[in-house]
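Down below is the structure, laid out as structure tokens.
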Amino acid sequence: MLENERNIEVSIIIPSYNRYPLNLFTLYSLENQTFEHSKMEVIFIDDASTDQTQEELGIYQPSYHYKYIRNEQNLGRARVRNLGIQSAKGNILIFLDAEMICEPDFVINHYQYHQNNKKAIITGVMHSKNIISCIFPETKTSTLNMLAANRNTKIPNRLENYHPSSNTPYPLLSKLDISNQTYKDWFIVRDSWYQHIVQKYGNEFDGFQFPWMAFLTGNVSITKDFIVEAGMFDEDFIKYGYEDWELGYRLYKMGAKYFAGDNLITYHQEHPIGESNWSEAIENFQLFTSKHQDVEVMILGIELAQITDFFTMNTILYEYNQLIRNNELKGFKENLVDLLTAINLFLQIDIRHIKILEAAGYGKDKVNKLVKDIQSLKKSNEYINLIEFLEKLIKS
């Protein structure tokens, strides 16, 4: 029997919407944690799921403190996580996606990171891997063919009883696979942007101008005191995307130090993604930039608009910050904000960007002033990428 809840030091917050049976595999993996179970709790928030989540996870009884909360109405990604924060008894919070399988030392490693730095934010997502643990009716034929061709004999064997006409999820794993970690046999290689970040900038994001992007709620930890001080998640964000980065940015401005933990690996169970995610994300991006009209936030639009790649965008922001620190070209900041605003407005209509200066309200005099600013920048070798970006806008 578990000891009094007052001993809880770590609270794991898992929101879930229609993720059964992936969410059950996630809970199974938390049963295998080496961290003392009497000192950890899992707050599982069922955000009005319509699948088997309530039926199966509502009666789940693990070896750790477990609190099942059922929302009768879908609250959305920000509100549901705030509900978890408010319910948490531990002062170290781990946000975990409902489809993440954790290795046994997952909780203890998160816990240890926070013993010496109360403003540390620890992300494990950037070292996460992908597995296929379940076949859904929407699973693509190419994925099924890949599984069938896998050299691991267990995988093709488990496909024998699968029927393509099935309207229900077909699990490929069992609880035993979680406890003995054979789920790792189902690992598949996916190229992810966040993995490239740690490969280039390291686990402490040295030289990365956007460390707050590491606030990814699939696998991230923070102290409860710090997140409450920041005001928690902004509940204006209802649809998909950017509610995590918006909070991460606020925390960054409050002095947060971001670290990526390569000993916090989780295995993301792949699942179908809704077609509306892109349009919802763009809508939330506009909300993000309206709340933070800072260049370091608004500049994200140039990568979304495919004007430049991710790492060039990072260099452009670095050069811009150098320009500001050197106190050169006074008034340039306002002009850049105008240009970024136009780019971001275009995103709501079409990803193609043409006549950007015209859209930003640039008349002949203002264009000439921008050209003169570029000529001034060329006198130094510090702003090469910023210059190329501005010249691309003039030619658009």
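For reference, positions follow the sequence shown, starting with 1.
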- [ ] Of all the heavy-atom pairs spanning V198 and A260, show the shortest one and how long it is.
- [x] CG1-CB, 3.8 Å
Open item on the list: Ignoring hydrogens, what is the shortest heavy-atom contact between I222 and F215? Give both atom names and the distance.
Closed with: CD1-CE1, 4.4 Å
- [ ] Taking the six-membered ring of F311 (Phe, Tyr or Trp), confirm whether the NZ or CZ of K200 is under 6.0 Å from its centre and within 45° of its axis.
- [x] yes
Open item on the list: For the backbone of T308 and the side chain of T312, can you confirm whether one donor and one acceptor N or O come within less than 3.5 Å of each other?
Closed with: no
- [ ] Using modelled atom types only, decide if a donor and an acceptor are shared between the side chain of E204 and the backbone of Y258 within a distance under 3.5 Å.
- [x] no
Task: Within the 6.0 Å centroid threshold, strictly below: Y60 and Y68 - done: no
- [ ] Show the numbers, then the answer: is there a salt bridge (Lys or Arg N to Asp or Glu O under 4.0 Å) between R250 and D244?
- [x] CA-CA 10 Å; R250 277 187 278 130; D244 46 4; over 6 Å; no
Open item on the list: Can a donor-acceptor pair be found, under 3.5 Å and without considering hydrogens, that links the side chain of S49 to the backbone of N18?
Closed with: yes
Open item on the list: Taking Y64 as the starting point, is it possible to reach M100 by hopping between hydrophobic residues whose side chains are less than 4.5 Å apart?
Closed with: yes
TODO: Mark yes or no for whether E382, through its side chain, and L323, through its backbone, hold a donor-acceptor pair below 3.5 Å.
DONE: no
Open item on the list: A side-chain contact here means heavy atoms from C-beta on lying under 4.5 Å apart; do T341 and F346 qualify?
Closed with: no
- [ ] State yes or no: do Y113 and V10 share one hydrophobic cluster built from I, L, V, M, F, W and Y residues joined by side-chain heavy-atom distances below 4.5 Å, directly or via other members?
- [x] no
Task: H37 side chain reached by M40 side chain, heavy atoms, under 4.5 Å - done: yes
TODO: Considering only NZ, NE, NH1 and NH2 on the basic side and carboxylate oxygens on the acidic side, decide whether R70 and D47 come within less than 4.0 Å.
DONE: no
Open item on the list: In this structure, is the centre-to-centre distance between the rings of H271 and F136 below 6.0 Å?
Closed with: no
- [ ] Determine, for D338 against K366, whether the closest basic-nitrogen to carboxylate-oxygen distance falls under 4.0 angstrom.
- [x] yes
Open item on the list: Would a single hydrophobic cluster contain both Y318 and L377, if residues Ile, Leu, Val, Met, Phe, Trp and Tyr are joined by side-chain heavy-atom contacts under 4.5 Å?
Closed with: no
Task: Partners passing ring-ring contact (aromatic ring centres under 6.0 Å, His included) against Y320 (at least two apart in sequence or in another chain) - done: none
- [ ] Could you state whether L22 and I132 fall into the same hydrophobic cluster, counting links through intermediate Ile, Leu, Val, Met, Phe, Trp or Tyr residues with side-chain heavy atoms under 4.5 angstrom apart?
- [x] no
TODO: Can you see which heavy atom on L93 is nearest to which on G90, and at what distance?
DONE: CD2-O, 3.6 Å
Open item on the list: Looking at every non-hydrogen atom in both residues, tell me the closest pair between P211 and F205 and how far apart they are.
Closed with: CB-CB, 4.4 Å
- [ ] Using only heavy-atom distances, determine whether the side chains of H127 and N203 contain a donor-acceptor pair under 3.5 Å.
- [x] yes
- [ ] Without swapping roles, check the side chain of N314 against the backbone of G207 for a donor-acceptor pair under 3.5 Å.
- [x] yes
Task: Check: Q209 and N321 side chains under 4.5 Å, non-hydrogen atoms - done: yes
Open item on the list: I want to check something: taking the side chain as every heavy atom from C-beta on, are I238 and L75 in contact at a cut-off of under 4.5 Å?
Closed with: no
TODO: Please report the closest heavy-atom contact between P171 and P169, naming both atoms and the distance.
DONE: CD-O, 3.5 Å
Open item on the list: Tell me if a side-chain donor or acceptor on Q195 pairs with a main-chain N or O of M126 at a distance below 3.5 Å.
Closed with: no
Task: Basic-acidic side-chain contact under 4.0 Å: E246, K291 - done: no
Open item on the list: Taking D236's backbone N and O only, do any of them form a donor-acceptor pair with D234's side chain (distance below 3.5 Å, no angle check)?
Closed with: yes
Open item on the list: Can you confirm whether the side chains of D177 and T182 place a donor and an acceptor under 3.5 Å from each other?
Closed with: yes
TODO: Could you tell me whether the side chain of T266 reaches within less than 4.5 Å of the side chain of L96, counting heavy atoms only?
DONE: yes
- [ ] Decide yes or no for I178 and E31: does some side-chain heavy atom of the first lie under 4.5 Å from some side-chain heavy atom of the second?
- [x] no
Task: ring-ring contact (aromatic ring centres under 6.0 Å, His included) partners for Y267, two or more places apart - done: Y183
Open item on the list: Distance alone, cut at 3.5 Å: any donor-acceptor contact between the side chains of T223 and H114?
Closed with: no
TODO: Apply side chain to side chain contact (heavy atoms under 4.5 Å, CB included) to the pair K89 and K224, showing each step before the final yes or no.
DONE: CA-CA 9 Å; K89 292 183 169 58; K224 182 176 181 179; over 6 Å; no
TODO: Check whether L264 and I101 end up in the same hydrophobic cluster, where Ile, Leu, Val, Met, Phe, Trp and Tyr are linked by side-chain heavy atoms less than 4.5 Å apart.
DONE: no
TODO: Tell me, with the steps shown, if K369 and D373 meet salt bridge (Lys or Arg N to Asp or Glu O under 4.0 Å).
DONE: CA-CA 6 Å; K369 174 65 167 58; D373 285 345; 3.0 Å; yes
- [ ] With sequence neighbours excluded, tell me which residues meet ring-ring contact (aromatic ring centres under 6.0 Å, His included) with Y362.
- [x] none
Open item on the list: Checking D51 against R19 for the salt bridge (Lys or Arg N to Asp or Glu O under 4.0 Å) test, could you report, in this order, the C-alpha distance in whole Å, the side-chain angles of both residues, the deciding distance, and whether it holds?
Closed with: CA-CA 8 Å; D51 59 7; R19 286 289 179 262; over 6 Å; no
TODO: Hey, could you give me the CG/CD1 distance between N130 and I188, rounded to the nearest 0.5 Å?
DONE: 5.5 Å
Task: Modelled atom types, side-chain donor and acceptor of N219 and H268, under 3.5 Å - done: no
Task: Nearest non-hydrogen partners of P15 and A98, listed with the distance - done: O-CB, 3.5 Å
- [ ] For residues 216-235, pull every pair meeting ring-ring contact (aromatic ring centres under 6.0 Å, His included), keeping only residues two or more places apart or in separate chains.
- [x] F95-F233
Task: Stepwise side-chain hydrogen bond (donor to acceptor under 3.5 Å, both in side chains) check, T53 with N23 - done: CA-CA 8 Å; T53 294; N23 47 23; 3.2 Å; yes
Open item on the list: Keeping W186 on the side-chain end and S133 on the backbone end, is there a donor-acceptor pair under 3.5 Å?
Closed with: no
- [ ] Determine the sole option in Y240, F237, Y242 for which the side chain to side chain contact (heavy atoms under 4.5 Å, CB included) test with R77 is passed.
- [x] Y240
Open item on the list: Quick one: does any side-chain atom of E303 pair with a main-chain N or O of F310 as donor and acceptor, under 3.5 Å?
Closed with: no
Task: Test log, rule side-chain hydrogen bond (donor to acceptor under 3.5 Å, both in side chains), inputs E243 and N284 - done: CA-CA 8 Å; E243 80 289 338; N284 272 4; 4.8 Å; no
TODO: Measure the acute angle between the ring planes of W212 and F210, then classify it against the limits of 30° and 60° as parallel, tilted or perpendicular.
DONE: perpendicular
- [ ] Ignoring hydrogens and angles, tell me if any N or O in the side chain of Q33 forms a donor-acceptor pair with the backbone of S29 under 3.5 Å.
- [x] yes
Task: Residue pairs passing the ring-ring contact (aromatic ring centres under 6.0 Å, His included) test where at least one lies in residues 142-166, sequence neighbours excluded - done: Y162-Y170
Open item on the list: Please evaluate residues E103 and K184 with respect to the criterion salt bridge (Lys or Arg N to Asp or Glu O under 4.0 Å), reporting the C-alpha separation (whole Å), side-chain torsions for both, the decisive distance (0.1 Å), and the verdict.
Closed with: CA-CA 10 Å; E103 293 189 341; K184 295 180 181 181; 3.0 Å; yes
- [ ] Answer yes or no: is there a side-chain heavy-atom contact under 4.5 Å between I356 and I307?
- [x] yes
- [ ] State which residues pass ring-ring contact (aromatic ring centres under 6.0 Å, His included) with F259; sequence neighbours excluded, sorted by chain then number.
- [x] none
Task: Heavy-atom side-chain contact between L173 and R158 under 4.5 Å - done: yes
- [ ] Anything under 30° is parallel, anything over 60° is perpendicular, the rest tilted; go ahead and classify F35 against Y111.
- [x] tilted
